[in-house]
Amino acid sequence: MFPAVKYFNGFTLIETLIGVLLTAIICSALFLGITQAKLYLESIRIKEKAFEELRNWTNEWKSMVAAGVKDDYNDGSSEGEKVILKKDSMGNTIIEGRLFKDISKASSSGQYSIFYNIKTYIVWEVNNFFFNSSKLDTLKFNTYQIQFHIQ
């Protein structure tokens with residue numbers, strides 16, 4: 001006699017569809033994580049470039065103050081100096097920053113030297129990939145420089 005129930009080797013349609021669905025969910029979560037990691041690393045690269053540009057620009061102004069190049073260091077431009085933070089493969093500017101400065105004489109200057117307070121900062125726009133919005137990011141330096149007057 002033959003048994004009434006037949007046994008087949010393999011998976012049913014429901015089991016296969018559930019397996020495909022779980023695989024798709026795991027892959028989409030993995031791709032989302034990879035995309036977020038790439039965007040985070042790119043923002044770190046841009047911030048490092050902004051830091052480098054701000055440091056170089058601040059050192060340039062510190063040396064000009066120390067050498068006594070001119071008396072009035074604030075030229076009144078409120079637009080800032082443009083600097084390129086990221087370019088595409090064709091050389092087009094993708095992200096641009098603006099450098100600003102505020103140089104003032106400190107009140108504690110002595111007879112043979114003048115202390116200057118140098119505040120510099122860089123501002124650039126950060127785009128949010130997931131929410132299609134943008135905001136401004138800023139790095140700031142606040143330092144002092146001595147200008148010696150030898151008589």
Side-chain angles (χ1 to χ4, degrees), residues 11 13-151:
F11 299 105
L13 179 63
I14 299 297
E15 292 171 336
T16 305
L17 289 177
I18 290 174
V20 168
L21 179 68
L22 289 176
T23 305
I25 290 172
I26 292 171
C27 286
S28 65
L30 182 67
F31 288 141
L32 180 66
I34 290 172
T35 303
Q36 285 181 340
K38 286 177 69 174
L39 291 173
Y40 183 69
L41 288 175
E42 185 63 30
S43 71
I44 289 174
R45 283 189 202 103
I46 292 169
K47 195 170 277 196
E48 284 178 351
K49 176 71 173 169
F51 177 79
E52 179 183 329
E53 292 289 339
L54 181 62
R55 184 187 62 203
N56 292 338
W57 199 63
T58 303
N59 287 335
E60 179 183 338
W61 278 104
K62 284 177 67 176
S63 64
M64 291 194 336
V65 166
V69 174
K70 55 185 175 177
D71 292 332
D72 185 24
Y73 296 103
N74 294 318
D75 52 6
S77 72
S78 61
E79 293 184 18
E81 185 176 319
K82 292 180 184 179
V83 63
I84 297 172
L85 298 178
K86 184 179 176 186
K87 292 182 180 181
D88 63 4
S89 61
M90 302 294 285
N92 301 324
T93 302
I94 296 176
I95 297 178
E96 179 181 84
R98 294 202 173 266
L99 294 163
F100 297 94
K101 69 180 180 323
D102 180 26
I103 302 173
S104 60
K105 288 183 181 180
S107 60
S108 60
S109 296
Q111 179 181 358
Y112 298 109
S113 62
I114 300 173
F115 294 102
Y116 286 91
N117 184 11
I118 302 173
K119 296 177 183 175
T120 56
Y121 61 98
I122 185 169
V123 177
W124 70 95
E125 190 173 337
V126 177
N127 295 322
N128 191 334
F129 177 74
F130 293 105
F131 299 112
N132 200 14
S133 65
S134 63
K135 64 176 186 168
L136 294 178
D137 204 355
T138 306
L139 285 175
K140 296 180 181 182
F141 283 169
N142 186 11
T143 185
Y144 290 93
Q145 181 63 44
I146 299 174
Q147 181 183 44
F148 290 105
H149 293 285
I150 300 174
Q151 299 174 353

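Owing to the predicted nature of the structure, the values given are computational and were not obtained by experimental measurement.
Side-chain contact annotation: Glu81 with Trp57, donor-acceptor N/O pair under 3.5 Å present.
Annotation: side chain of Ile146 is not in contact with side chain of Ile114 (no heavy-atom distance under 4.5 Å). Using a 4.5 Å heavy-atom cutoff, the side chains of Phe115 and Lys105 are not in contact. At a threshold of 4.5 Å between non-hydrogen side-chain atoms, the residues Phe100 and Thr120 do not count as touching. You'll find the side chain of Thr23 reaches within 4.5 Å of the side chain of Cys27, heavy atoms only.
For Phe51, the ring pair (Phe, Tyr, Trp, His ring centres under 6.0 Å) criterion is met by Phe141, not counting sequence neighbours. By the side chain to side chain contact (heavy atoms under 4.5 Å, CB included) test, Ser107 is found to be paired with no residue, residues two or more places apart in sequence or in another chain being considered.
Taking all atoms of both residues into account, the shortest heavy-atom contact from Lys101 to Trp61 is CE-CZ2, 3.1 Å. Taking each heavy atom of Lys47 and Leu139 in turn, the nearest pair found is O-CD1, 3.8 Å. In plain terms, the two heavy atoms of Trp124 and Gly97 that are nearest each other are CB-CA, 4.0 Å. Nearest heavy atoms, Ala66 versus Gln147: O-CG, 4.0 Å.
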Show the numbers, then the answer: is there a side chain to side chain contact (heavy atoms under 4.5 Å, CB included) between Ile94 and Lys87?
-> CA-CA 5 Å; Ile94 296 176; Lys87 292 182 180 181; 5.8 Å; no
Kindly determine whether Asn142 and Asn117 satisfy side chain to side chain contact (heavy atoms under 4.5 Å, CB included), including the steps that lead there.
-> CA-CA 7 Å; Asn142 186 11; Asn117 184 11; 2.7 Å; yes
Mind running side chain to side chain contact (heavy atoms under 4.5 Å, CB included) on Thr58 and Thr143 for me, showing each step along the way?
-> CA-CA 9 Å; Thr58 303; Thr143 185; 4.1 Å; yes
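For the atom pair CG (Asp88) and CD1 (Ile95), the distance works out to 11.0 Å, reported to the nearest 0.5 Å. Distance check, rounded to the nearest 0.5 Å: CE of Met64 to CG of Asn59 gives 12.0 Å. With values rounded to the nearest 0.5 angstrom, Thr138 atom OG1 is found 10.5 Å from Leu54 atom CG. Here the CD1 atom belonging to Ile103 is positioned 10.0 Å from the CD atom belonging to Gln145, to the nearest 0.5 angstrom. Within the model, atoms CD1 of Ile122 and CG of Leu85 stand 5.0 Å from one another, a figure rounded to the nearest 0.5 Å. The OG1 atom of Thr35 sits 9.5 Å away from atom CG of Leu30, with the distance rounded to the nearest 0.5 Å.
Under a 4.0 Å N-O distance rule, the pair Glu53/Lys49 qualifies as a salt bridge. One finds no salt bridge joining Glu96 and Lys86 here, because no Lys/Arg side-chain nitrogen approaches an Asp/Glu carboxylate oxygen to under 4.0 Å. With respect to the salt-bridge test (charged N to carboxylate O, under 4.0 angstrom), the residues Arg45 and Glu48 do not qualify.
Formation of a donor-acceptor pair under 3.5 Å by the Arg98 side chain with backbone atoms of Glu79 is found in this model.
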